[in-house]
Amino acid sequence: MTSTTSLSPPPTRTYDIIGFGDEVPGILALVSASREFHRRTQRKPRSLLMFKSNSRWGIGGHLVRGGLAYLDRSSVPAEVRQAHGLPTFGDPCFLYKEFLQRSQVQQIALHPTKADAALRTMLQDANVDIISQLEIRTVLKDGVRIRGIQTNRGETYLGRYFIDSTVNGELAQLAGVPKLRGFETFGLPESELPVTLVFETEGITPQRLKEIELNFLKRLANPADSAAQNFILMAAGKNERFAEQLRLEMQESLNRSRTLHIGQDFIDVRCRALSIAFHAFRGRALSLKGSGFILDQANIAILAPNRLSWNALMFFTTGTQAETLARAAARPTPAMLDEIKHLDRWFKSLGATALRPYPELYIRHAGNITNVVNPLSGAEMLQGGVASSEALGTFGYHLDVRGGIDGLGPKALEKGITSISFHHPPLFNIGFQHALVQSVPNLAVISPGSGFEGYACAAGRIIEFNAAVGQGVGIAVAIALQSGRNLASVRNLEVRKVLEQTNQLTQIYGRSQPVEATRLAKFETTLGDVAIA
């Protein structure tokens, strides 16, 4: 049975596995551990999922309560897909495919309500208890190992193995694991990726949105439309050079605008015409740091014919602010909610009948823990990741730092580096050693806050990748639980063998890009003022 916050638990409970944070990779790790332990022993481990937010708002972290319905999928080059007979998004890990199937995902759009239901079913089948709306008061340790967690409600939960899936590695931090703030791996602790407040609109269909955008594009491309030209200048902060750049970006060719693309269950907005129109409406420059927010080129999930989920409204965030927001259960600030009011008025002027923000933020990144078994860098990703003989899967994604890393360009220039862009997306084999904490050997951190160095978190923050890591960590926990070992001692190859034995191993097709990897390695080493141990 699954316990909820409505029950009054006894002062002390004992579990085999405790997960803190309910992001999808952490949930899948608990499910994976339960299934593998049951396969080995014919009994399910005693497992607990605990998190800060209210389970009534849904279970599944930023994909559910944060409403991030547009899933970032693996990017696999056409020639690799053809050589291996792979579909569009390659071959994701077994548990992630199951989650997508249970959530009825067609291609990219994840309906939060369906995802919540799928995750609850998987947790119930795995015999995982659920406790929400709690804070950690104290982490109890027995030497270097975590022994238990005391909460703000006075309860104590003892466990043998712990899985932290929070974006900021909060349990790890409270257990004494050092963490680097922001992009401190580049010597920029206060530089951080923006956070997004995802919102839904009703009343505008994909085709109607295309018509709206096309109307803006026609006006913005017309030099005789003085009002529209003023929109561009206002969005550019009255900077003529930026205004000209915006004009050029809206054109695919001389007589062809860069219009949005409507897919099976998603929309990709390919230019900033809508962004320009909104920022002109607001009288605020299209500058993340200057204005504190931007309506970016949107990734839109189609949830229903007239119901769209927008990953677009980004807010400038420092390293300290990202940590603060994460510790506050990712709740949006009053200033963010105030911006939603302006957005609501603008969208309703375009024909929307309703606009609703989700209750939690999508926090892309909030620093990285140290002291992991084997840290993972961006250069290692471009080298192809772990050896194919021990790989658990393969994942590809652009080194996408959406919104940019404030101060990285000037810092690189100081060191004689003129380019901070790496446009070749890595396609790398997956392991889980970067998620295992060496200094707390019964703890794993599966999140954007794992042991990533340099640019690695750009691809390492994506759910699909971390789901594969979570599946691997879950099997590693089952191995450790049965044998009484430290989790940090379990190796990739041991888990790989289990995946082979259980017919869960997906295809392995990582590839090395040595020229780009060497260039990125030099970049990460030159700017890496702080080494991760």
Side-chain angles (χ1 to χ4, degrees), residues 12-23 25-27 29-30 33 45-52 61 131-132 134-181 184 319 322-324 326-329 363 365-376 432-452 457 466 469-470 473-474 476-477 480-481 484-490 530 532-533:
T12 301
R13 284 187 175 182
T14 300
Y15 289 90
D16 295 309
I17 311 164
I18 295 178
F20 182 67
D22 72 323
E23 296 298 335
I27 291 175
L30 291 173
R46 296 160 296 173
S47 301
L48 171 67
L49 174 66
M50 52 167 56
F51 54 98
K52 290 184 171 187
I131 303 288
S132 69
L134 58 78
E135 298 274 351
I136 296 177
R137 178 184 295 167
T138 307
V139 172
L140 306 173
K141 295 184 74 174
D142 184 4
V144 293
R145 294 169 59 91
I146 300 176
R147 183 167 64 89
I149 294 171
Q150 288 183 339
T151 76
N152 58 325
R153 302 197 299 236
E155 309 121 357
T156 299
Y157 299 96
L158 303 178
R160 297 178 65 184
Y161 299 94
F162 294 80
I163 296 169
D164 182 346
S165 68
T166 62
V167 69
N168 60 326
E170 187 165 337
L171 173 59
Q173 289 190 70
L174 294 171
V177 179
K179 197 197 84 164
L180 303 177
R181 193 168 70 253
E184 200 167 349
E323 177 70 29
T324 300
R327 289 191 179 237
I363 302 173
H365 182 249
N368 293 95
I369 62 162
T370 68
N371 293 343
V372 298
V373 171
N374 188 11
L376 180 59
F432 63 91
Q433 304 295 295
H434 66 282
L436 303 183
V437 182
Q438 186 75 52
S439 57
V440 183
N442 63 336
L443 170 66
V445 177
I446 311 165
S447 85
S450 298
F452 297 118
C457 69
N466 280 312
V469 175
V473 166
V477 168
L481 182 59
R485 291 166 58 185
N486 280 331
L487 178 58
S489 73
V490 182
V530 181
I532 297 182

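These figures come from a predicted structure and were not determined experimentally.
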Main chain of [Y], side chain of [X]: is a donor-acceptor contact present, judged purely on distance under 3.5 Å?
| X | Y | result |
| --- | --- | --- |
| Asp164 | Glu170 | yes |
| Arg137 | Asn152 | yes |
| Lys179 | Ala172 | no |
| Ser450 | Val445 | yes |
| Arg145 | Arg160 | yes |
| Asn466 | Ile446 | no |
| Ser165 | Gly21 | yes |
| Glu323 | Arg181 | no |

So do the side chains of [X] and [Y] get within less than 4.5 Å of each other, counting heavy atoms only?
| X | Y | value |
| --- | --- | --- |
| Asn371 | Pro178 | yes |
| Leu171 | Thr166 | no |
| Arg327 | Gln173 | yes |
| Ile136 | Tyr157 | no |
| Leu48 | Arg13 | no |

Could you tell me the separation between the [atom1] atom of [X] and the [atom2] atom of [Y], rounded to the nearest 0.5 Å?
| X | Y | atom1 | atom2 | value |
| --- | --- | --- | --- | --- |
| Lys52 | Asp22 | NZ | CG | 12.0 Å |
| Phe432 | Leu487 | CZ | CG | 7.5 Å |
| Arg46 | Ile17 | CZ | CD1 | 10.0 Å |
| Ser447 | Asn168 | OG | CG | 7.5 Å |
| Ile163 | Asn442 | CD1 | CG | 11.0 Å |
| Leu174 | Thr138 | CG | OG1 | 9.0 Å |

Which heavy atom of [X] sits nearest a heavy atom of [Y], and at what distance?
| X | Y | answer |
| --- | --- | --- |
| Ser489 | Arg485 | O-NH2, 3.0 Å |
| Val437 | Ala488 | O-CB, 3.8 Å |
| Pro45 | Leu481 | CB-CD2, 3.9 Å |
| Val473 | Ala444 | CG1-CB, 3.7 Å |
| Ala435 | Val469 | CB-CG1, 4.0 Å |
| Ile146 | Ala175 | CD1-CB, 3.8 Å |

Within 45 degrees of the axis of the six-membered ring of Phe162 and under 6.0 Å from its centre: does Arg147 put its NZ or CZ there?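 No, Arg147 does not sit over the ring of Phe162.
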Pick from Ile149, Thr151, Leu140: which one makes a side chain to side chain contact (heavy atoms under 4.5 Å, CB included) with Thr156? Leu140
Val372/Gln433 under side-chain contact (heavy atoms from CB on, under 4.5 Å): CA gap, chis, key distance, verdict: CA-CA 7 Å; Val372 298; Gln433 304 295 295; over 6 Å; no
